[in-house]
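When a ligand or atom number is given, it counts from 1 through the structure's own listing order. What you see is a predicted model; the values in this text were computed from it and never measured.
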Amino acid sequence: MIVTRFAPSPTGRLHLGHAYSAVFGHSRAAASGGRFLLRIEDLDQGRSRPQFVEGIIADLRWLGLEWDGEPLIQSRRGADYADALGRLRGDGLVYPCFCTRTDIAAALSAPHGPGAAHYPGTCRGLADDPGRRAAEAHSWRLDAAQALARTGLPSWSEGGRLYTSNRAGFDDVILARKDAPAAYHLACVVDDSASGVTLVTRGEDLRSSTPVQRLLQELLGLPEPRYLHHRLVAHAGGRRLAKRDQAPTLEALRGSGTGGLALAASLAAGQLPLGFELRGD
Ligand code: GLU
């Protein structure tokens with residue numbers, strides 16, 4: 001059975017790009033009588049707001065998208081993330097990082113696109129000082145080289161094809177930080193596994209996350225889902241949708257008289273409202 005999920009971060013109102021992503025995942029599950037799950041990725045407590053969780057729920061209902069079971073709320077799942085991190089630490093695959101919060105703030109949100117920070121390895125291999133480590137570490141990073149030495153280069157299946165990553169795709173990603181039990185990649189693989197997700201559907205801007213998530217799945221002995229990365233909604237002419245350049249929220253579309261069910265049906269057929277288009281591979 002196909003199990004997909006929509007995993008928005010409640011840091012703002014959903015826009016057309018989110019609607020396309022939700023419809024994409026929902027229709028892949030519905031086509032086979034599968035399950036569609038909702039996950040609230042609210043680990044970035046500085047930016048997540050309860051009213052945006054309510055907004056997500058209202059917007060999905062407006063689109064006519066029903067999810068199975070209760071939404072999974074990441075901020076309530078710290079114990080499971082800590083357990084996974086503990087196993088990786090026990091295997092000697094994690095090291096503490098003392099770099100400042102500013103350097104690493106970006107890592108709590110999903111790394112969208114080429115702007116994602118590349119960590120230069122500053123704290124890898126620092127002299128061991130357990131006292132200092134426990135007290136002062138800002139974050140915990142995966143030692144990607146050690147991890148790859150254990151598993152080899154991970155591969156994944158997308159659209160019936162098998163892909164194998166190359167070494168260049170790996171960074172010493174942050175797994176957890178002082179004020180959060182997990183960062184995006186670790187929480188994502190732990191939750192996809194706990195919810196029984198079999199098909200990860202998400203935008204192409206998250207394609208670069210897939211190799212490291214497959215690596216973490218291998219290291220933690222988690223099942224391997226299949227992947228589908230979909231095209232992104234852009235303004236006609238190719239400009240990317242972004243909150244800062246007034247991507248229309250679903251709330252605004254609803255306010256201007258757009259019908260949610262009709263919009264969802266068009267998006268499922270790959271048709272975008274006037275002024276928008278799908279940006280290709
Ligand atoms: N929370 C992520 C986002 O807002 C999605 C993560 C995922 O689908 O893996 O884009």
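Close contacts between ligand 1 and E41 involve ligand atoms 1 (N), 2 (C), 5 (C), 6 (C) [criterion: under 4.0 Å to a heavy atom]. Remark: ligand 1 atoms within the under-4.0 Å shell around heavy atoms of Y184 are 6 (C), 7 (C), 9 (O).
For ligand 1, none of its N or O atoms has an N or O atom of R39 under 3.5 Å away. Residue T201 has no nitrogen or oxygen atom sitting less than 3.5 Å from a nitrogen or oxygen atom of ligand 1, judged on distance alone. No N or O atom of C188 sits closer than 3.5 Å to an N or O atom of ligand 1.
F36 has its ring centre less than 6.0 Å from the ring centre of H26. Centroid-to-centroid, the aromatic rings of F276 and H235 come within less than 6.0 Å.
The closest approach between F6 and ligand 1 stays at or above 4.0 Å for every heavy atom of the residue. Taking 4.0 Å as the cut-off, R5 counts as a neighbour of ligand 1 on heavy-atom distance.
Following chains of ILVMFWY side-chain contacts shorter than 4.5 Å, one can reach L186 starting from L93, so the two form part of one hydrophobic cluster.
The closest donor-acceptor contact from the side chain of D172 to the backbone of R141 lies at 3.5 Å or more, if one exists at all.
At a 4.0 Å heavy-atom cut-off, ligand 1 touches L206 through the side chain alone.
Using the six-membered ring where Trp is involved, Y20 and F24 have ring planes that are tilted, between 30° and 60° apart.
Counting heavy-atom neighbours within 6.0 Å of R161 CZ, excluding the residue itself, gives a total of 12 or less.
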